[in-house]
Structure formats: C-alpha cells, structure tokens
Amino acid sequence: MSPDVGSPVGDLVPPDRVSRSGRSVVELVGVSKVYPNTRDAAVADVTLTVEEGEFFALLGPSGSGKTTTLRMIAGFERPTVGCVRLAGRDVTKLPPYKRDVNTVFQNYALFPHMRVADNVAYPLKFRSVGKAETASRVSEALDRVGMTGFERRLPHQLSGGQRQRVALARALISRPALVLLDEPLGALDLKLRQSMQLMLKRLQREVGITFVYVTHDQGEALAMSDRLAVMHDGRIHQTGAPDEVYFRPKTTFVASFIGKTNLVDAERDATGAVRAGGLALRLATTPAAEQFKVSIRPESILLAEAAEGAANTFDGIVRETIFLGSERELIVEVSGQTLLAKAASNVVLEAGTPIRVGWPAEACVVVVDPAEQAP
Amino acid sequence: MSAASEWSGGAIEEPLGERAKAAGIRVGLASPALLWVLLIVLIPNAIMLLYSFWTNGLGTIIQEFTTKNYSQALQSNVVRALLQRTFLIAVAASLIATAIAYPLAYLIVRRAGRYKLPLALLVVVPLWVSYLMRVFAWKIILGEKGVLNGLLQQAGVIDHPIKALLYSKVTVILTLTYVAVPYVFLSIFTALERLPTALYDAAGDCGASEWSTFRDIIWPLSRPAAVIGFAIAFVITFGDYVTPALVGGLQGTMLGSIILQEFGTANNWPLGAAIAMVILVVSFVFLGAVSLLARTEAVID
Ligand SMILES: Nc1ncnc2c1ncn2[C@@H]1O[C@H](COP(=O)(O)OP(=O)(O)O)[C@@H](O)[C@H]1O
Ligand SMILES: [Mg+2]
C-alpha cells in the first residue's frame, strides 16, 4: 500500500511502535479451554504474543472468552490444550502464586479485614522484603496511584474508584513483569472512567510494566492500547495496532464491532471486476474470494466537490441527517444501497437533496466471515 | 460523588448516620419478632428469677423473699462439682465440634464442586431427626448389648461386652459433640460460602500458597462464624439434661439433671430455679468473654 499520509488510511504502524525490545512477556500457543460440563469451548485455539512494555488490550463482547484467557495467563485456569509461556518459560502447569504476574480483578478483590497499607504490602510478604523497604515501597505505590493519606482506611471505607486504585497499587508493588487487568473500570461511571483511563495509561508508561487489559469497550481499547486482539466466541479474529484494526478489519465481526461502518455484500467476477448490487467498486487489490463483504468507514466517504476524482464516485440522495453535536451523520442512498457518511455539524442538507459521494480505493476493505470461510 | 473529589483524595463521609438509620429501620421491622422473644424467652426467665428468691416449704412455695436458695446452691459440694464438670464437658464438646465442623465446611466449600450442597445437606440432615432419637441412637451403638460390642465380640476382639462404652464422661462428650456438629457446621459453612472466590484468587495472585491464603485471609474472615458456632454449641450442651440422662450414667451426670431433679422428684422449685440462674449467669459471662473473639472490622460486600 502506498504511504499516503494525508488519508485516514495512512501509515498503519508508526515506526516507534514496532521497535519495542522484541522480547515476549506472554505467549499463548494454540490455547483452548473447555469448562467441565460445557459443550462449547470458552476459548478456542488462541495464539498470541505480548511484547515487553506493551499495553495490550483484549477486546470483545461479553462472553467472548476474555476473562478465561486472562485467567489462564494468571494461572487460575488450566488450558484444556495448548501452552502458556511467560518470559519464554513454559508455565502451563504452574499455580498462580509461582508466576511473576499480578492481577487487578474486576471487583477489586481487596482483603476486607486489612487496611489499605496492609492490602498493598501483602505481596511483599512472600518476597522476603525487609520492614523498612516494605514501608517505603507501600508509600511509593500509593503515591503513584494518588492514594497517599488513605493508609489506615479499610476497603469498605473507600469509593469504587479509590478501591480500584488500591488494587492497582497492590498489583504493582512487587514489580511484576506483567500486570493483568480485567475490566478494571467496568463498575465506574463515565467521567471517572475517562480520568482513570488517562491515569492508567500514564502509570503504565512510567513504570514500564507490560499490561494486558481486558475490556468490552472498543473506545477504551482503541484509546489506551499499543496493540489489541479482538475476540469473539472464544476466538481471536484479529491482532494489531488500534489504527490497523480499525482501518483494516479482517472479519465482518471486527469491522462492525469496532466503530461504525458500512458493510456491503459484494462479488468478484472472472475479469476481476467487483460489484456490490448496482455499484461497480474499485478496490486497491483484487480479492481472492468470490463472495465477500466490503467495509467502508463513514468518515472515509467524501461528499460533494471533495468526492470528485476519488476512485469510487457515485450520485446519491440524502435520505436523513442526524445531528450529533460535534458532527452530523448522513444517510445517503446510492443505487439501492444505503450508506452512512459524516459531515461537519454546520453543513445543512435537506432530506432528498442529490449529492456526489466518493471514496478512495483503499477505503474499501474486504472482510470475510470466518464461519462461512471454515472448510 | 464528583470526579474532582475522587481525584483530590479528600476524606470521604463516614456513613455512620446512614447506618444508625438503617439499624433503626431494622429494629422496627423486627418488632413482631421482638415481641415473640419477650414472650417466650424473657417472661419465663423472669418468673424463674422470682422463684429463685422464694422460700421452699416442703414441696410448696412460700412467697417470702430469701437468698437461702443461692447460698445452699453455691455451698453445696455436689452443685459446685457438677457445675465444674458440666462446664468442662460443654466446653470440650463445643471445641471438638468446632474443630470437626470447620475443616469439614472448608473442604466442602472449596473442594466439593457440584457436590457441595448435597454434602452440606448430609451434614445437617440429623437436625431433622428428633433430638431424643439422635441421642438414643448412641445408646444403641454403645450399649452393653449394642452394635459396637456386638461387632467386637463377633470379630473375636473381646469375650465379654465392655460396659464402659456407655455411662461415662467420654460418652457424654462424644454424644454432645455429635449433637453440636451440625449447628457449628451451618454457621461456618454459610460464612465461607459468602466469601467471594476472588479473595482466594487474589491471595494466590499476591503469592500466597493455599495455607498462607487460609491463615492470612480466610481464617480471619471466618473466625467470627466459628466463634458463633462454638457459642451455639456451648449453649446447647451446657444446659442439656437429656443426653446425660440417657448415656451419662452416674459418671456423666450434669447440672441440668440436678435441676430436673429439683423440679421433679425433690420438689424444691426455688432451689432448682436458683441453680438454673447460676447456669444462666455463668453462660452469660462465658459467652460475653467468647464474643470478644468474634469481633471484626471487616465488611464483606
Ligand atoms: N467457570 C465457568 N464454568 C463454565 N463456563 C464458564 C465459566 N466461566 C466462563 N464460562 C463461559 O465461558 C464463556 C467465556 O466466558 P468469559 O471468559 O468470562 O468471557 P468474557 O470475559 O469475555 O465475558 C462464556 O460462555 C461463559 O459462560
Ligand atoms: Mg469477563
């Protein structure tokens, strides 16, 4: 693909992002998990690698197997098949307390009878750290998460956000190679969640510890992670940098789960021409499949004069406009297809207005359905 | 709460007022139960207290104030020896019952998987059988012509049945332990059930082995339930007179039997009431001391 920096489909992976140390902290190889007395696998044939220092997100809807994957990395569940490696060492059969991993649990799981300082200090008890050093590390960890002054509180005397930060301090204090977070912000309200996202991201950069972060919130995953894996029904559909996954989705699920998109059924004939209903589409590359879907992001669709000269240009009619404050969504009908496009919020277009729409060839992303594709 | 105060780390409001209000509502809701307690617990005991200060006149009760019943009860060597024995038997049986019920509850909660509830039910099922029947069963097992002696004789281990199996202090402790185990188990089982499994995970995650997890997290959080279970067992066993009567013999006589006697054959109600009051006071003092062990700051939500 041409490095066309101006377009939204520009450089997918900035150079600084690939030049990490390259040492893998977590490797899952062909990992599956079938819970006792269940039929379907909760996690099916998952293979992924997380590199040192990365903020890696596991993104997927509820029930897609994210927690199970995380629990197998931590050691709370054993894979039915497959292998878990931490820092290159096979730990598949090691119990959690022998792994250099700490977890921030979904419901915090603070010890209710211990004060904040004792909760945070607990992991050091098993690492032969002296009294003086324990005290200084506890205050350092509490300082990092902004909880200095709460040492003597009991967990039930804290708010949700405060408990979350204590749980984070407890996970960081033994300076593990890896911290796992299971929807850590799930129980918090929107405002607090946003400020906690910033704090987590800053913290991760400061301490340089690898984070594996589970979330069902695509916005959170895109905003926070260096790389992410999108899961559905126990399988990983795609792994990559946020912009790569957003602009180059591989499956219909990824395309529709992350952001809004236009998915149109398309087919390729023997000459290589691609048609989607009445539309003749121009793609950057000729797809291998004959039947597939094409994903076009609304923001890649250019309107009116801007559409002229794009590889794909069509005449359409505005059917509906939706005012969203910062922008306006347009529903445009183009030879029988309904497409979602975006315009600036000050653009006023009446329903029924004819309009030119267009998009570059690279904006058409061929996606497949793994279920249909399966042999 | 606003995001700003969330960040500032300022003191959060102690929800004490809320709690007091909630407690008030709870008392209000419980008032029919309170009335019931008044009727079947407080009034009979008040009557008993009254009787213990009245004078005994050869099988009849003379309504004249006296403290003679108490001095008689406390100076009697029999009462003192029996009080001591009863106390020790009750503490021993309750301790053993707690020591059996705790690991049992822990194992069932942690290891039984989907057999958890059936197994728990199996432990408490004796509660559905009448108390008398349960104690009587031990007489059948341990008696001179009982099951155990029969088996031992058949196996050729002994020639003549062992009489000492029944009618001893040990038999009373054994039977009282058996009676108390389901109650203690229930108290501990429900407490362990209520602990989120994430606590075990979190402890393991911090580096704690199963033993460390138990010692540092699970035991401190379930100790109050163990103490309450022990206290229930003590209350049940300390005042019991059925068990000693059936399996105790002379060696296993407890204070409850004496009270029964005073109210029955001896026909000295004031003295019986005074001894009962002594038992009550000793129980209260002991349970008050024990309840200090059940105190905890933890709130599990
Ligand atoms: N302990 C368990 N026993 C049986 N099934 C489970 C258990 N935990 C999770 N599952 C099932 O496995 C699937 C994946 O669950 P989970 O990993 O929790 O997904 P997520 O975290 O993405 O919501 C779900 O269908 C869930 O019902
Ligand atoms: Mg989950």
Side-chain angles (χ1 to χ4, degrees), chain A residues 36-37 71 74-76 95-115 118-119 121-127 142 146-150 153-162 165 167 170-171 173-174 176 180 188-196 199, chain B residues 1-16 18-19 22 110-116 191-192 194-226 293-301:
Chain A
N37 310 311
R71 289 174 64 81
F76 301 126
Y97 68 94
K98 290 190 177 156
R99 300 187 185 197
D100 187 15
V101 174
N102 284 102
T103 308
V104 176
F105 292 86
Q106 199 159 4
N107 298 314
Y108 323 126
L110 296 176
F111 306 126
H113 59 301
M114 289 188 189
R115 298 184 182 278
D118 299 323
N119 260 288
Y122 192 61
L124 297 183
K125 203 175 158 179
F126 307 100
R127 286 172 174 82
L142 286 177
M147 287 294 287
T148 304
F150 288 87
R153 290 281 181 91
L154 285 164
H156 75 265
Q157 297 167 324
L158 301 176
S159 71
Q162 291 170 332
R165 284 189 268 161
R170 187 177 67 183
I173 194 149
S174 55
L180 309 174
L188 308 179
D189 60 51
L190 184 66
K191 263 231 171 87
L192 185 56
R193 202 153 69 216
Q194 284 165 345
S195 60
M196 288 286 286
M199 187 205 94
Chain B
M1 184 181 289
S2 76
S5 69
E6 191 65 46
W7 274 103
S8 68
I12 56 166
E13 198 188 320
E14 291 288 340
L16 274 182
E18 285 296 308
R19 224 176 267 177
R110 288 300 291 165
R111 298 284 161 79
R114 63 205 177 101
Y115 299 107
K116 184 163 68 181
L192 290 176
R194 257 186 37 185
L195 292 183
T197 52
L199 288 177
Y200 296 88
D201 288 349
D205 193 76
C206 289
S209 60
E210 185 171 358
W211 165 247
S212 303
T213 302
F214 173 76
R215 183 197 55 203
D216 298 339
I217 315 295
I218 306 308
W219 170 249
L221 291 174
S222 58
R223 191 194 57 214
L293 296 173
R295 282 197 304 191
T296 175
E297 289 184 309
V299 174
I300 298 157
D301 45 17

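Every chain is numbered from 1 and lettered A, B, ... according to where its sequence line falls, protein lines coming before strand lines.
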Discussion item. Looking at B/D205 and A/R170, is there a salt bridge between them, counting it only when a charged N and a carboxylate O are closer than 4.0 Å?
Written reply: no
Fill in: Under 4.5 Å from a heavy atom of chain B, the part of A/N37 involved
side chain
Item to complete: Would you mind checking which part of A/L188 comes under 4.5 Å of any heavy atom in chain B, side chain (CB onward), backbone (N, CA, C, O), both or neither?
Response: neither
Nearest 0.5 angstrom please: [X] [atom1] to [Y] [atom2], how far?
X	Y	atom1	atom2	result
A/Y97	B/D201	OH	CG	14.0 Å
A/Y122	B/I217	OH	CD1	4.5 Å
A/F111	B/C206	CZ	SG	4.5 Å

Practice prompt. Answer yes or no: are there more than 12 heavy-atom neighbours, outside A/D100 itself, under 6.0 Å from its atom CG?
Written response: yes
Worksheet entry | Enclosure of B/R194 CZ (heavy-atom neighbours >12, cutoff 6.0 Å) | no
Item to complete: Could you please spell out the steps behind the salt bridge (charged side-chain N to carboxylate O under 4.0 Å, His left out) verdict for A/K125 and B/D216?
Response: CA-CA 11 Å; A/K125 203 175 158 179; B/D216 298 339; 3.0 Å; yes
Discussion item. Tell me which of these, B/S209, B/A298, B/A198, B/G207, has more heavy-atom pairs under 4.5 Å with chain A than the rest.
Written reply: B/G207
Worksheet item: Any idea which of B/A208, B/S212, B/G204, B/A203 has the most non-hydrogen atom pairs under 4.5 angstrom with chain A?
Response: B/A208
Worksheet item: So which part of B/L199 gets closer than 4.5 Å to some heavy atom of chain A, the side chain, the backbone, both or neither?
Response: both
Worksheet item: Do you know which of B/L221, B/T296, B/L195 makes side-chain contact (heavy atoms from CB on, under 4.5 Å) with A/P112?
Response: B/L221
Fill in: Member of A/Q157, A/H113, A/R115 meeting the side-chain contact (heavy atoms from CB on, under 4.5 Å) criterion with B/E297
A/R115
Item to complete: Quick one: closest heavy-atom pair of B/A202 and A/F105, and the distance?
Response: CA-CE1, 3.5 Å
Worksheet entry | Heavy-atom pair count under 4.5 Å with chain B, highest-scoring of A/R71, A/R99, A/K98 | A/R71
Worksheet item: What residue in A/V104, A/V101, A/I173, A/T103 has the most heavy-atom pairs under 4.5 Å with chain B?
Response: A/T103
